[in-house]
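Notes to accompany the following structure.
Both counts, for ligands and for their atoms, begin at 1 and track the order of listing. All figures in this text were calculated on a predicted structure; none of them were measured in a lab. Sequence positions, counted from 1, serve as the residue numbers for this chain.
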Amino acid sequence: MTFEWCEYPDREHMYAALVEVVGTGLRDILRDAQAAGLVASGGTTPRPLYQRLSGADLDWSRVRVTLTDERWVGPDDAASNERMLRQDLLSGPAQAARFIPIYESTDTPEGAEASCGKRLSAMPWPSSLCLLGMGRDGHCASLFPEAAALDDALDPGFDGYCKAVRPVTAEVAGPYARMTLTLAALLRTRHIYLLLAGGEKRDTFRRAQQGSDKREMPVRAVLLQQQVPVSVYWAP
Ligand code: 6PG
C-alpha cells in the first residue's frame with residue numbers, strides 16, 4: 001500500500017491544510033482546463049472542511065460537484081448527503097458550482113443506476129479531486145463490507161460510474177438503501193484525499209493496512225490500487 005500519511009495535532013489544523021490543498025488543486029486544474037470536478041464525501045467528518053472550502057477564492061462557476069455516495073432519501077431528508085452538501089459547501093461563493101445529484105425520486109436506487117450514471121458522465125473526471133471518508137467498519141463511499149454489489153462496485157474495470165448497494169447490516173450504514181460511486185469511478189479522479197478523525201478511525205485504518213481482503217474492508221481497494229495518488233489526512 002502506498003499512500004501519503006498527513007497527521008495533524010487537531011482537526012482545526014487538518015481542515016485548514018485541506019482547504020489549502022483542495023483549493024489550490026482546483027485552482028491549478030482551472031488554469032489548464034475549462035472545468036474542474038470535486039467528488040465530495042458524505043458523512044459528518046468533512047462538514048467543517050466544506051464550510052471553510054465554500055469561501056475559497058476560485059472560479060466556482062467552472063467547478064462541478066457531486067457526491068461519493070447517497071442514502072436513498074429525498075434531498076430534504078435529514079439523512080441526505082445532498083442536503084448536507086448544499087448547506088455546508090454549496091453556499092457563499094461555492095453556490096456558483098454546478099451540482100450533479102446522485103439521488104432522484106425513484107423507489108429504489110437500482111431503478112436509477114442508468115440515469116445516475118448518465119448524469120455522472122458530465123463530471124470532468126480526470127480533472128477532478130476526490131474527498132473520501134471511511135466508516136469504522138472499513139467502508140468508503142457506500143462500498144460496505146460483504147455487500148452483494150461489491151463484485152461490480154469494486155471491479156476497477158467495471159463499466160459504470162455508480163451502483164446501488166444494500167448494506168448487509170444497518171449497524172454502521174443506517175436503515176438506508178444506497179447509491180455509491182464505483183471504485184472504477186473513484187479511480188478516474190486525479191487525487192483521492194481520505195479524511196479520518198479520531199482514534200477509532202485510526203485503529204480501523206491500521207486494521208485495513210494489515211490485510212488484503214477488499215470485501216471485508218472495501219477501503220483496502222483504494223489503498224491497494226496504484227492508479228491514483230492517495231493522501232490520508234488524520235487528526236485526533
Ligand atoms: C455516508 C458517507 C460515508 C462516510 C463514512 C464516514 O453516506 O455515510 O459517504 O461513506 O464517509 O460513513 O462517516 P463519518 O464522517 O460521519 O464518520
- Query: Would you call Arg136 and Glu171 a salt bridge, using N to O less than 4.0 angstrom?
  - Reply: yes
- Task: State plainly whether the residues Arg27 and Asp59 are in salt-bridge range, i.e. N to O under 4.0 Å.
- Result: no
Please tabulate protein-ligand N/O pairs under 3.5 Å for ligand 1, atom names and distances to 0.1 Å.
| unit_1 | atom_1 | unit_2 | atom_2 | d |
| --- | --- | --- | --- | --- |
| ligand 1 | 7 (O) | Asp69 | OD2 | 3.1 |
| ligand 1 | 7 (O) | Arg71 | NE | 2.8 |
| ligand 1 | 7 (O) | Arg71 | NH2 | 3.4 |
| ligand 1 | 7 (O) | Asn81 | ND2 | 2.9 |
| ligand 1 | 7 (O) | Arg178 | NH1 | 3.0 |
| ligand 1 | 8 (O) | Arg71 | NH2 | 2.8 |
| ligand 1 | 9 (O) | Gly42 | N | 3.3 |
| ligand 1 | 9 (O) | Asp69 | OD1 | 2.5 |
| ligand 1 | 9 (O) | Asp69 | OD2 | 2.9 |
| ligand 1 | 10 (O) | His139 | NE2 | 3.3 |
| ligand 1 | 10 (O) | Ala141 | O | 2.6 |
| ligand 1 | 11 (O) | Ser41 | OG | 3.2 |
| ligand 1 | 12 (O) | His139 | NE2 | 2.8 |
| ligand 1 | 15 (O) | Thr44 | N | 3.3 |
| ligand 1 | 15 (O) | Thr45 | N | 2.9 |
| ligand 1 | 15 (O) | Thr45 | OG1 | 2.6 |
| ligand 1 | 16 (O) | Thr44 | N | 2.8 |
| ligand 1 | 16 (O) | Thr44 | OG1 | 2.6 |
| ligand 1 | 17 (O) | Lys201 | NZ | 2.8 |

- Task: Mind listing the closest non-hydrogen atom pair of Pro218 and Phe144 along with its distance?
- Result: CG-C, 3.9 Å
- Task: Anything under 30° is parallel, anything over 60° is perpendicular, the rest tilted; go ahead and classify Tyr161 against Trp125.
- Result: parallel
- Query: Is the shortest heavy-atom distance from the side chain of Asp77 to the side chain of Arg83 under 4.5 Å?
  - Reply: no
- Taking Arg71 for its side chain and Ser80 for its backbone only, find out whether a donor-acceptor pair lies under 3.5 Å. no
